[in-house]
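Input: a single structure, listed below in structure tokens.
Note: hydrogens, waters and symmetry copies are ignored here, and every other heavy atom, side chains too, is used.
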Amino acid sequence: MNSDSDLQIAGDILEVPHLLQPPREHPSTVAEFVGLARSIAADRSRWAHLIQYDATSRWYHRLSTGPGYEVWLLSWVPGQGSGPHDHGSSCGVLTVLDGALTEHTDRGTRALGTGSQRVFAPGYVHEVVNDSLEPAVSLHVYYPGLTEMPMHAARCAVAEAGAEKADAENGVTEKAAADKVS
């Protein structure tokens, strides 16, 4: 088989523009939302001047919207966290723009440095915390746009393991703990 003739039969896709998909004005796939987050992250002039830090609560600002999605900018001073939550029916892309954040899930803990991205599906429960000594900034893309953020009881594997270890060190059994509550 001659690969030159195969290539000739296939032709050059750029010579048949009717086969090319037009570029989309707005993202519609997970990969395109990740790309949107990366392009915004790379354009500091678009977001850096907006950042504010609030020691009493997490600061957030809706940076932009499009058909079916929202882009949020959040700042985190040391010690601030989200509490365990999910994003209802929304999927999301979390991108750390500056600093470092820690994500806790029921599967463990993940350190997220500048440039790190996490993609999550509806119902994904996590807690995001700034455990560092420096402020952090993150970008969040939600699709569809965020309509709810249900909070959950702390149930991360790390927290549960720590509590079980402390109970074991103090000689507390499951039955003894249950008896204390009753």
**OP:** Given side-chain contact (heavy atoms from CB on, under 4.5 Å), test T102 with V128 step by step and report yes or no.
**Re:** CA-CA 6 Å; T102 303; V128 179; over 6 Å; no

Original post:
Of all heavy-atom pairs between G145 and S90, which one has the smallest distance, and what is that distance?
Top reply: O-OG, 3.3 Å

Original post:
Does the side-chain hydrogen bond (donor to acceptor under 3.5 Å, both in side chains) test come out yes or no for H140 and S138, once each step is laid out?
Top reply: CA-CA 7 Å; H140 303 248; S138 58; 2.7 Å; yes

Original post:
When hydrophobic residues are tied together by side-chain contacts of less than 4.5 Å, even through go-betweens, does I40 share a cluster with V30?
Top reply: yes

Original post:
Just wondering, more than 12 heavy atoms not from E134 lying within 6.0 Å of its CD?
Top reply: no

**OP:** Answer yes if the side chains of S28 and H26 hold a donor-acceptor pair under 3.5 Å, and no otherwise.
**Re:** no

Subject >> Value rounded to 0.5 Å, distance of CG in L73 from CH2 in W47 >> reply: 7.0 Å

Subject >> Connected via hydrophobic side-chain network under 4.5 Å: L101 and Y124 >> reply: yes

Original post:
Between D106 and V125, is any pair of side-chain heavy atoms under 4.5 Å apart?
Top reply: no

**OP:** Spell out, yes or no, whether F33 and V96 are grouped together once hydrophobic residues are joined by side-chain heavy atoms under 4.5 Å, including indirect joins.
**Re:** no

Subject >> Exercise: identify the closest heavy-atom pair between V141 and A37 >> reply: CG2-CB, 4.0 Å

**OP:** Say whether, by atom type as modelled, one donor and one acceptor occur between the side chain of Q80 and the main chain of D54 under 3.5 angstrom.
**Re:** yes

Original post:
For the ring pair Y69 and Y142, is the centre-to-centre distance below 6.0 Å?
Top reply: no

Original post:
Is the closest side-chain donor-acceptor distance between T114 and D98 under 3.5 Å?
Top reply: no

Original post:
S132 and P78: which non-hydrogen atoms are nearest, and at how many Å?
Top reply: O-CB, 3.2 Å

Subject >> Student check: side-chain heavy atoms of V71 and R62 closer than 4.5 Å >> reply: no

Original post:
Are F120 and H87 an aromatic pair by the rule of ring centers under 6.0 Å?
Top reply: yes

Original post:
Out of curiosity, S75 OG to L50 CG, how far, rounded to the nearest 0.5 Å?
Top reply: 11.5 Å

Original post:
How long is the gap from CZ on R46 to CG on L139, to the nearest 0.5 Å?
Top reply: 8.5 Å

**OP:** Give a yes-or-no answer on whether the side chains of T105 and H126 include a donor-acceptor pair shorter than 3.5 Å.
**Re:** no

Original post:
Are the side chain of E103 and the backbone of L112 linked by a donor-acceptor contact shorter than 3.5 Å?
Top reply: no

**OP:** Identify the two heavy atoms, one from S89 and one from P122, that lie closest to each other, and give their separation to 0.1 Å.
**Re:** O-CG, 3.5 Å

Original post:
If you take all heavy atoms of M151 and S82, which pair is closest and at what distance?
Top reply: CE-O, 3.2 Å

Subject >> Taking every non-hydrogen atom, the tightest pair across N130 and A136 >> reply: ND2-N, 3.6 Å

Original post:
Between V77 and W59, is there a shared hydrophobic cluster once you connect ILVMFWY residues whose side-chain heavy atoms come closer than 4.5 Å?
Top reply: yes

Original post:
Can you check whether W76 reaches V137 side chain to side chain, under 4.5 Å on heavy atoms?
Top reply: no

Original post:
Side chains of Q117 and T95: donor-acceptor distance under 3.5 Å anywhere?
Top reply: yes

Original post:
How about Y53 and R58: does a side-chain donor come under 3.5 Å of a side-chain acceptor?
Top reply: no

Original post:
Do H85 and E127 have side-chain heavy atoms sitting under 4.5 Å apart?
Top reply: no

Original post:
Are L146 and V93 joined in one hydrophobic group, where the rule is that I, L, V, M, F, W and Y side chains link up if heavy atoms are under 4.5 Å apart?
Top reply: no

